[in-house]
Amino acid sequence: MYKNHSEKVQKIISGILDLKEHTKDLLSSIEKNSDLNAFNSISKDVVEKAASVAEKIKSGKHGKLAGMTVAVKDVISVKNEPLTCSSEILKNFKPLYDATVVEKLLEEDAIIIGKTNCDEFAMGSSNENSAFGPVLNPVNKNRVPGGSSGGSAVAVAAGLCDASLGTDTGGSIRQPAAFVGIYGLKPTYGLVSRFGLTAYASSFDSIGPFANNLDDLSAILEVISGEDKKDSTSSGKKFTRESLENLDASKLKIGYPKEFFGKGIQSEVKENFLKVIQKLKSAGIEISEVSLPHNEYSIAAYYILTTAEASSNLARYDGVRYGVRDLNSTELKEMYEQTRSIGFGKEVKRRIMLGTYVLSSGYYDAYYKKAQKVRRLIKNDFDNVFDNFDLILSPTTPTTAFKLGEKTNDPLQMYLADVYTTSANLAGIPGLNIPIGFDNDNLPIGMQLMSNQFCEDKIISFAKILENEMNLS
Amino acid sequence: MHEIYEPVIGLEVHAQLSTKTKIFCACSTKFGNPPNTNVCPVCLGHPGVLPVLNKKVVEYSIKMGLAVDAKINSHSVFARKNYFYPDLPKGYQISQFELPICENGKIDITSQDGSIKSIGIKRIHMEEDAGKLIHERDNETFIDANRCGVPLIEIVTEPDLRSPKEAYDYLTNLKLILTYLDICDVNMEEGSLRCDANISIRKKGDKKLYTRTEIKNLNSFRNVEKALEFEFNRQIDLIENGEDIVQQTLLWNADLNEATPMRGKEEAHDYRYFPEPDLVPAKISNDRIDEIEKSLPELPSLKFERFIKNYSLSKYDAEILISSIELADYFEKVCKTTNEFKSASNWMISEVLKYLNEHKLDITQFPISPEHLGKLINLIKDGTISGKIGKDVFEFMFNSDEDPEKIVNEKGLLQISDLSELEVMIDSIIAKHPKDAEDYRNGNKKVIGFFVGQVMRETNGKANPQLVNKLLTEKLSRSI
């Protein structure tokens, strides 16, 4: 119907596309695809909003994202819409304010279509840890869509919206993007405000876009990036599409980490990846093997640090002020225990316990402090590579989408689904999933491009070469 | 028996900073507003909110650090202190743990023997206050979150205090510094100043300390002193009876004058401190520190020294006059008009403070201008009026704050120092009371007081008392 958002706007202006009707169709399409379970809630007044944006477009006074239908992961605050974090404990909660990213989308006339399903409090790699049930992969409904931003990925892949926002703490945007075959970007930590993002692990969490094309992805990133006085960790830097124009991506130097091809990688993923490298080489791109020697410790460091932060971040859900409370308790401590026992799912409890343990006195130095040191070493590994290379290319995930229920009883196997993605969060650098092909079961394979901090322009420019000239997907 | 032991005491003081807004959000810090009206999603700990550090809090903390000669850390880190309680919306308090804003300072106190003793300040750190629980009848508890996020500094001493009295003196000096810096309302009743005490004992001359206890719920400096005395004696009794001191937290009960242990469960906390990932470290440049240092007022200890030196005051007088900046300023303004510093100090301490106490006012509301008080003192000094008349003029000045010279003239209060006028009057009085005059000559010198009284009655108190005394002594001895 349209290949990207600019074309959509053109079609609205020329009258080929009626935004209001089109949005109505979208809503019925969401309804028809409710078995995918991608949405937790649909925004009030979506059609009215579409009508008013259509008017704005006609009048010529509209924002950069006018008429773009955007789904928002249900850990991001949209004023007066439910904010459940896919958790029993916040099932009844409605926030009083808009997240900064939502405010920015609305300023540019995007249409927030609804809140998407995800792993509870963004903890998971398959979207099976949701109080609202698992999300299905539209490519193959027996498969998981990846997580934790499964609903946001599926909403775009299944054509239920133009684009969506997800969050990525250890791969939660890139991995589901790879599993459903779309673009998904985890920006540099500090490029996009976290204000209004329900914290899982504050020093790792990033909000980023999903889209089925790079133009829309960059348009959203341009809008949501930039300084936010409400977020002290906001860097003040902004991504602009203009920066893409002066960049000759064909001159960028690419490295691929040798450590990423050891055991556990699915053979088709490896083959496809090596094919891409061959293609790039023959196209004259400078590409060679690099080393990230501490990557093998990234999962361990990631789970120690993120769970430590999570154990503290989730302490506020205690039944006292908002959210669900156990009403049968008569004592304070009992109320806390019952509320949190009933309110949190298994994986969330597991991570709270792990995080409480690694922070407790006598264990702090052995776990938390040591993991912080590992985090520094991992960052140094990247710094060393980026001294000589512009980008790192790797598979996004070791396997394609696995079967529903396949790993739910084996948390360690589940955690390994993030083995190529957590290091970017540890280092605070950006990573983009690019769909590069399919395995023998026709499941999408994704490739990840990483760069130094705030070099999203290099990532996107190079991804464009792949999108346009390599004819990968 | 008690004399062979000494207490080793350390204090932790929480001072609410008097910033207009909270430490991590723009909510008002105003005390006494209706419950849960000074709140927003940030201080209520709603999902997704983030703290933004109030720069005034950093400035005030640095002021305090500089005032106690502490090292200001150029790189200061916030940390989360994790525990569950209904008055703590996030389930953690944002505080500082490693790298607090100030370390290694000192506050001087005067020991019992008059020497100066420095009490070490281990650290000063910034943190947010918790809310307040209001327990009502029928087992109902309500939460007032107005106080959530009100900025605090915690000032922690080294275990340098050696008596409950020293603890009291330390707190008095600390309070004075906070007042001078104008960074805290120092109102213990409203909770803007709170104190916890740690105490252990040892035999004098020994290094080894017995087990330490902590006392909380101390709502006045006197109660700090009393509670420490109580606990000092309790610990000695335990040791003397061969029992062990249990490491525990005690709550002071001011009504019963005793400390009782907190329940074990409430104190068994592992706070799981870790660096606050939502805030970047507070970076403070040397230029900024210099700038703040320049803005500091003269501190109480320096003002104390200066008053003694410049105005030749006693330590006692100086201590009273520097008890507030405004009082000290007033005194200094008086001393611009008069050189009678001692007399000015006496007037301040006896008359001015008495008036302020009686009327429950502070010096800024005192109706007499320092210039007029200075003039009054001069009028007495140069003999224009007597000291007694001076007090009457002072009374008039309360109501009008008119120039004392004008009051003296208009009301005809000029002192009678005219020799011939007084001589005539004294002669006639002696003549009227021959028996009393004879008493005097027979050796009853006390009777002179009666004659002074007669002269004063005749002159409405305006006679120059020294002159009257001199003339009476001469005339009574002579006139046979």
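Given the structure is predicted, the values throughout are model-derived calculations rather than measurements. Residue numbering restarts at 1 for every chain, and letters A, B, ... go by the order of the sequence lines.
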Is it the case that atom CD in A/Glu331 sees more than 12 heavy atoms from other parts of the structure closer than 6.0 Å? no
Determine the sole option in B/Arg80, B/Glu276, B/Lys81, B/Lys90 for which the side chain to side chain contact (heavy atoms under 4.5 Å, CB included) test with A/Ser312 is passed. B/Arg80
Proximity of residues 355-363 of chain A to chain B, residues having a non-hydrogen atom under 4.5 angstrom: A/Thr356, A/Leu359, A/Ser360, A/Ser361
Which heavy atom of A/Tyr97 sits nearest a heavy atom of B/Val49, and at what distance? OH-N, 3.4 Å
Should we say atom CZ of A/Phe344 is surrounded by more than 12 heavy atoms from elsewhere, each under 6.0 Å from it? yes
Suppose the criterion is ring-ring contact (aromatic ring centres under 6.0 Å, His included): which pairs have a residue in residues 309-340 of chain A, not counting sequence neighbours? A/Phe93-A/Tyr322, A/Phe121-A/Tyr317, A/Tyr322-B/His46, A/Tyr336-B/Phe84
Should we say atom NZ of A/Lys349 is surrounded by more than 12 heavy atoms from elsewhere, each under 6.0 Å from it? yes
Sort B/Tyr92 into side chain, backbone, both or neither according to what part of it lies under 4.5 angstrom from a heavy atom of chain A. side chain
Proximal component of B/Asp278, with respect to chain A [non-hydrogen, under 4.5 Å]: both
How many angstroms lie between atom NZ of A/Lys230 and atom SG of B/Cys25, to the nearest 0.5 angstrom? 13.0 Å
A/Arg316 side chain to B/Pro47 backbone, donor-acceptor under 3.5 Å: no
Under a plain distance cut-off of 3.5 Å, with no hydrogens placed, do A/Tyr364 and B/Arg272 share a side-chain donor-acceptor pair? no
Non-hydrogen atoms of B/Val52 and A/Ser232 that approach each other most closely: CA-OG, 3.8 Å
Chain A heavy atoms under 4.5 Å from B/Tyr273: which part of the residue, side chain, backbone, both or neither? backbone
Leading residue by heavy atom contact count with chain A [cutoff under 4.5 Å; candidates B/Gly48, B/Gly45, B/Cys40, B/Pro41]: B/Gly48
Matching residue for B/Leu50 among A/Leu197, A/Thr100, A/Asp231 - test: side chain to side chain contact (heavy atoms under 4.5 Å, CB included): A/Asp231
Could you look at B/Pro86 and say if it's the side chain, the backbone, both or neither that has a heavy atom under 4.5 Å from chain A? both
Name the region of B/Leu44, side chain, backbone, both or neither, that has any atom closer than 4.5 Å to a heavy atom of chain A. backbone
With a cut-off of 6.0 Å (strictly less than), are more than 12 heavy atoms of other residues, nucleotides or ligands near NZ of A/Lys379? yes
